[in-house]
Amino acid sequence: MKLTKMLMASTALTVAAGMSHADGHMANEMTIVSWGGAYSNSQQKAYHEPYMEKTGVSIINDESSAEAVAKLRAMNEAGNVTWDVVDVVAADAIRLCDEGLAMEIDPEEDLAAAPDGTSAEDDFGDLLVSDCFIPQIVYSTTFGYRTDMVPEGVDAPSDVCSIFDLETYPGKRSLEKRPIANMEWALLCDGVAKDEIYDVLATEEGQDRALAKLDTIKDDVIWWSAGADTPQLLADGEIFMGSTYNGRLFSAIVEQDQPIGMLWDAQMFDLDGWIIPTGLSDERVARAKDFIKFATDTQRLADQAAYISYGPARKSSAPLVGQHAELGIDMAPHMPTDPANSENTFLYNYEFWADYRDDIDAKFQAWLVQ
């Protein structure tokens, strides 16, 4: 196969149980890095709080996943790795694994089998895209727009290329401050066939073509780096439309009742999951593995889907997905994988970005400051 606040368990009983469990071989505190906002809240509810209650371990939450690769490179070089478990996208996991900055994981030994005995390796299947990556969710990056800012007499946007149509849909946009997804959408909306986009993007000419398309809206773009930015910009009415993760839009639309609509056209599927950095003590590695085995079991991944509209990465979790934990609504129609939402998806290429990310990142960041 190749592929931040400290919170304490609330009772003396659970603390005592945790100390017994950790005695002599597992750390009693760990730092878990993730993306913040509604996503981190879903992890807090589904994994962190139950794990702390079970073990008495203190979890420090850090919201630096957007900078995980650069920070792990710096920590490793300094010989001072302060993170225990890090939530990253699949392409970043592949890069970190290839660079020796993430530990390899044995699914059979380190991950829980499904309730019916199916091995973790079979249950996760093809989503185990790296020897170091333990997938949690399938999510998509897509677009939201202000329903009350659609010009009078104009249909609401339904096509991803509306992001480039300033004449029909005037107003500020938000896009993520990185090339991934932006470059693909730019080429798609510049006429490149979907199945040829990565071949085109692999060339200097293709990269220049994508940036030229982005040039057409550059002056009207607010660049974001945190998943919560676009929902907040939409809620504040500072932008007409912008990209973000489908679960963030679900939270803004369904939980907060904001006047926001969502586009599913050319939504970009991706995987998000855990890695364990190299350079940890044996005690910290043992704690990290114990946490991951707990947090990625069948029930825990299904539990997360009760708080955010991301699909669980295990086959055995899917039948357990039901209603929102607080609103009581059926979550299936809000998943990116629902048939009605996935009629025109964009298949994200992890391997391409693992190979080209550093070079295209440098070119994209240079273009941003021009």
Side-chain angles (χ1 to χ4, degrees), residues 1-4 26-27 30-36 39-40 42-43 46-48 51 59-112 120-121 124-139 178 180 227 245 270-297 300-301 304 310 312-314 348 350-351 353-355 357-358:
M1 178 180 63
K2 172 94 171 80
L3 286 199
T4 23
M26 280 196 272
M30 62 191 307
T31 298
I32 297 180
V33 184
S34 190
W35 301 86
Y39 181 56
S40 286
S42 71
Q43 295 177 316
Y47 325 138
H48 298 194
Y51 188 73
I59 291 178
I60 301 170
N61 291 305
D62 185 306
E63 299 178 356
S64 301
S65 280
E67 306 168 283
V69 173
K71 288 194 173 184
L72 282 170
R73 285 171 174 166
M75 287 182 188
N76 189 268
E77 187 172 345
N80 182 27
V81 180
T82 61
W83 294 347
D84 296 281
V85 179
V86 187
D87 185 302
V88 294
V89 295
D92 285 349
I94 294 170
R95 287 199 293 166
L96 290 165
C97 199
D98 289 347
E99 295 178 26
L101 301 179
M103 293 181 56
E104 292 191 4
I105 297 293
D106 181 349
E108 301 304 290
E109 180 177 342
D110 298 325
L111 303 179
E121 185 164 5
F124 283 101
D126 292 340
L127 302 190
L128 289 168
V129 298
S130 165
D131 293 333
C132 306
F133 182 60
I134 309 98
Q136 300 169 74
I137 59 161
V138 178
Y139 73 101
R178 64 176 192 167
I180 294 176
Y245 313 128
D270 199 353
L271 301 172
D272 204 280
W274 304 114
I275 62 99
I276 300 174
T278 53
L280 305 184
S281 67
D282 291 344
E283 292 78 10
R284 290 175 63 192
V285 169
R287 176 57 70 194
K289 285 187 174 182
D290 189 66
F291 169 80
I292 284 178
K293 190 169 190 174
F294 175 85
T296 62
D297 72 14
R300 242 50 69 175
L301 291 187
Q304 185 174 9
Y310 295 146
R314 299 186 74 131
Y348 172 74
Y350 324 109
E351 296 287 351
W353 281 109
D355 292 340
R357 178 68 186 274
D358 286 343

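Quantities reported herein were computed from a predicted structural model and do not represent experimental measurements.
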### Query
Can we say Arg287 and Asp290 salt-bridge, meaning some charged N sits less than 4.0 Å from an Asp/Glu carboxylate O?
yes
### Message
Between Asp92 and Arg178 (salt bridge meaning N to carboxylate O under 4.0 Å), is one present in this structure?
### Response
no
Can you tell me how far apart [atom1] ([X]) and [atom2] ([Y]) are? Round to the nearest 0.5 Å.
X      : Y      : atom1 : atom2 : result
Ile292 : Asp297 : CD1   : CG    : 12.5 Å
Thr31  : Ile60  : OG1   : CD1   : 4.0 Å
Leu111 : Ile105 : CG    : CD1   : 7.0 Å
Tyr350 : Leu271 : OH    : CG    : 3.5 Å
Ile137 : Asp270 : CD1   : CG    : 9.0 Å
Leu101 : Lys71  : CG    : NZ    : 15.5 Å

Give me the atom names and distance for the closest heavy-atom approach of [X] to [Y].
X      : Y      : result
Trp274 : His48  : CH2-NE2, 4.4 Å
Pro107 : Ala120 : O-CB, 3.7 Å
Ala102 : Cys132 : O-SG, 3.4 Å

Please tell me if the side chains of [X] and [Y] come closer than 4.5 Å, counting only heavy atoms from C-beta onward.
X      : Y      : answer
Asp84  : Leu280 : yes
Met75  : Pro277 : no
Val88  : Val69  : no
Trp83  : Ser64  : yes
Ile275 : Ile134 : no
Ile276 : Phe291 : no

### Query
side chain to side chain contact (heavy atoms under 4.5 Å, CB included) between Phe124 and Leu301: does it pass, once the steps are laid out?
CA-CA 11 Å; Phe124 283 101; Leu301 291 187; 4.2 Å; yes
### Message
If we ignore hydrogens and angles and just use 3.5 Å, is the side chain of Ser65 paired with the main-chain N or O of Ser34 as donor and acceptor?
### Response
yes
### Message
If we ignore hydrogens and angles and just use 3.5 Å, is the side chain of Ser281 paired with the main-chain N or O of Arg284 as donor and acceptor?
### Response
yes
#### Entry: Worked check of side chain to side chain contact (heavy atoms under 4.5 Å, CB included) between Trp353 and Ile94
CA-CA 9 Å; Trp353 281 109; Ile94 294 170; over 6 Å; no
### Task
Please collect all salt bridge (charged side-chain N to carboxylate O under 4.0 Å, His left out) contacts where either partner lies in residues 103-112, sequence neighbours excluded, each pair once.
Asp110-Lys289
### Message
For a salt bridge (charged side-chain N to carboxylate O under 4.0 Å, His left out) check, start with the C-alpha distance between Asp358 and Arg73, then their side-chain angles and the critical distance, and finish with the verdict.
### Response
CA-CA 13 Å; Asp358 286 343; Arg73 285 171 174 166; 3.1 Å; yes
### Message
Run Arg300 and Arg314 through side chain to side chain contact (heavy atoms under 4.5 Å, CB included) and show every step you take.
### Response
CA-CA 10 Å; Arg300 242 50 69 175; Arg314 299 186 74 131; over 6 Å; no
### Aromatic ring pairing Trp35/Tyr245, orientation class (parallel under 30°, perpendicular over 60°, tilted between)
perpendicular
### Task
Could you walk me through whether Ser40 and Glu63 pass side chain to side chain donor-acceptor pair (under 3.5 Å), step by step?
CA-CA 8 Å; Ser40 286; Glu63 299 178 356; 4.9 Å; no
### Query
Is it true that Tyr310 and Tyr39 have ring centroids separated by less than 6.0 Å?
yes
